[in-house]
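Here is the structure we will look at.
Quick note on labels: first sequence line is chain A, next is B, and so on, each numbered from 1.
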Amino acid sequence: MNEKSCKLCSNRSSATNFLNDKELKMLEESCVDVKFHKGDVIFRQNALSSNIIFVKSGLVKIHITGPEREQILKIIKGPIYLGIPTTLGDKVNHYSATALMETRVCFISLDSFKDFIASNSDFAYEIITELCKNELGHFDHCVNQVQKQSQGRIAESLCFFAEDIFNELNFSLPLSRQEFGDLTGNSRESVSRILANLNSDGVISLNGKNIEILDMERLRSIRKNG
DNA sequence: GCATTAACCACAG
DNA sequence: CTGTGGTTAATGC
């Protein structure tokens with residue numbers, strides 16, 4: 001609750017559990033808390049990156065302008081680190097991050113982050129573990145994206161929102177049809193059509209952006225086979 | 001050939 | 001911004 005104190009912050013990362021009081025104080029002094037609204041860009045592709053970013057709460061899309069069109073790489077929900085690879089991996093960002101709803105973010109100075117890595121191996125190990133999990137997730141996602149057909153990818157995303165983001169079968173899609181297409185590698189028209197079909201087949205109940213999953217069994221089956 | 005899948009275009013709310 | 005219909009190209013029986 002206390003926004004000034006990292007020690008008392010309820011949204012802080014698991015890695016910071018390995019920091020002692022003195023280090024937490026250091027973190028506090030090298031950290032700026034910023035609030036973003038829906039549609040605000042947190043950082044932009046090709047711009048210089050110089051901070052470690054931690055999403056305390058909210059929803060963020062990570063997207064990249066590819067050779068053909070826009071691609072949403074993933075959608076993340078706080079609390080989670082954002083963009084460590086693009087901050088440490090190169091001078092400029094390889095992708096953009098945009099808030100999909102009200103989002104609270106901490107910008108942490110790269111110098112203190114590096115200090116923690118250098119001096120606290122538990123902290124470093126925790127960070128590496130998170131990066132590893134991310135890469136594994138990307139591999140799975142990549143194969144699914146390439147090998148499944150349209151409705152399978154849509155079903156996959158619907159399950160993702162229900163199970164990983166909202167923990168609810170009934171939710172409001174935080175994306176336009178175009179963005180949902182960018183996320184699932186479909187045209188916006190295909191997204192409309194497939195959602196309409198799932199609706200008429202009774203798998204989901206569709207009302208604009210409001211979606212309720214009625215038949216999770218069939219949705220899972222479409223995700224698996226389609 | 002014929003069917004299926006999915007993108008592109010156009011047009012209407 | 002969305003939904004729908006027609007068209008078209010690629011792929012697979």
Side-chain angles (χ1 to χ4, degrees), chain A residues 35-47 55 57-78 82 93-105 137-226:
Chain A
K35 186 160 81 177
F36 288 94
H37 299 288
K38 180 180 165 66
D40 289 347
V41 175
I42 299 170
F43 60 80
R44 200 177 291 278
Q45 187 175 350
N46 296 325
V55 180
S57 64
L59 212 56
V60 176
K61 70 167 175 176
I62 294 175
H63 50 116
I64 187 164
T65 306
E68 292 291 322
R69 53 197 149 72
E70 192 74 3
Q71 175 77 45
I72 297 180
L73 296 171
K74 67 190 308 198
I75 289 174
I76 60 164
K77 182 178 75 163
L82 165 63
N93 292 316
H94 286 208
Y95 45 80
S96 305
T98 304
L100 292 176
M101 52 181 270
E102 182 123 326
T103 296
R104 297 195 71 92
V105 164
H138 284 311
F139 289 163
D140 289 338
H141 184 247
C142 187
V143 176
N144 286 329
Q145 182 83 1
V146 169
Q147 297 188 1
K148 283 180 181 170
Q149 54 187 43
S150 291
Q151 56 169 351
R153 300 197 300 271
I154 299 268
E156 176 106 7
S157 270
L158 292 175
C159 289
F160 166 74
F161 280 113
E163 292 170 347
D164 297 341
I165 298 295
F166 297 112
N167 302 314
E168 272 279 353
L169 291 178
N170 198 337
F171 58 87
S172 172
L173 196 66
L175 303 171
S176 69
R177 294 292 191 263
Q178 177 69 60
E179 288 176 310
F180 199 44
D182 293 340
L183 174 66
T184 57
N186 287 301
S187 66
R188 62 166 194 84
E189 293 98 324
S190 293
V191 170
S192 285
R193 255 185 274 263
I194 289 166
L195 288 179
N197 286 340
L198 291 173
N199 184 46
S200 59
D201 289 349
V203 178
I204 64 173
S205 163
L206 178 67
N207 189 354
K209 292 191 175 179
N210 289 320
I211 292 174
E212 180 174 9
I213 296 175
L214 301 174
D215 192 340
M216 188 50 108
E217 285 301 303
R218 276 164 74 195
L219 191 62
R220 286 216 179 90
S221 150
I222 293 167
R223 169 171 79 166
K224 189 157 176 275
N225 304 313

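- Residue pairs meeting the salt bridge (Lys or Arg N to Asp or Glu O under 4.0 Å) criterion with at least one member in residues 140-152 of chain A, sequence neighbours excluded, are A:Lys148-A:Glu156.
- For the pair A:Glu68 CD and B:dC8 P, the computed distance is 9 Å after rounding to whole Å.
- Contact between A:Ser150 and A:Asn186 at its shortest, heavy atoms only, is OG-OD1, 2.7 Å.
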Pull out every protein N or O sitting under 3.5 Å from an N or O of nucleotides 2-5 of chain C, one pair per line with the distance.
| residue | atom | partner | partner atom | Å |
| --- | --- | --- | --- | --- |
| C:dT2 | OP2 | A:Arg177 | N | 3.1 |
| C:dG3 | OP1 | A:Arg177 | NH2 | 3.3 |
| C:dG3 | OP2 | A:Arg177 | NE | 2.9 |
| C:dG3 | OP2 | A:Ser192 | OG | 2.8 |
| C:dG3 | N7 | A:Arg188 | NH1 | 3.3 |
| C:dG3 | O6 | A:Arg188 | NH2 | 2.9 |
| C:dG5 | N7 | A:Arg193 | NH1 | 3.1 |

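- The CD1 atom of A:Ile154 sits 14 Å away from the C1' atom of B:dA7 (whole-angstrom rounding).
- Put simply, the residue from A:His63, A:Lys61, A:Glu179 that forms a side-chain hydrogen bond (donor to acceptor under 3.5 Å, both in side chains) with A:Thr98 is A:His63.
- The nearest whole Å value for the distance from the CD1 atom in A:Ile194 to the P atom in B:dT5 is 10 Å.
- Taking atom CG of residue A:Asp182 and atom P of nucleotide B:dA7, one finds them 12 Å apart after rounding to whole Å.
- Rounded to the nearest 0.5 angstrom, A:Asn46 CG and A:His94 NE2 are separated by 8.5 Å.
- A:Pro174 and A:Leu100 get closest at one heavy-atom pair: O-CD2, 3.9 Å.
- Atom pair A:Phe180:CZ and B:dA6:P shows a separation of 14 Å (rounding to whole Å applied).
- Contact annotation: A:Ser150 does not reach the phosphate of B:dT5 (side-chain N/O to OP1 or OP2, under 4.0 Å).
- As a whole-Å value, the separation of A:Arg69 CZ from B:dA6 C1' is 12 Å.
- Among the heavy atoms of the strands, none lies under 4.0 Å from A:Gly181.
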Output a table of donor-acceptor pairs, distance under 3.5 Å, between side-chain atoms of residues 214-222 of chain A and any protein atom two or more places apart or on a different chain; print 'none' if there are none.
| residue | atom | partner | partner atom | Å |
| --- | --- | --- | --- | --- |
| A:Asp215 | OD1 | A:Glu217 | N | 3.3 |
| A:Asp215 | OD1 | A:Arg218 | N | 3.1 |
| A:Arg218 | NH1 | A:Asp201 | O | 3.2 |
| A:Arg218 | NH2 | A:Asp201 | O | 3.0 |
| A:Arg220 | NH2 | A:Glu163 | OE2 | 2.9 |

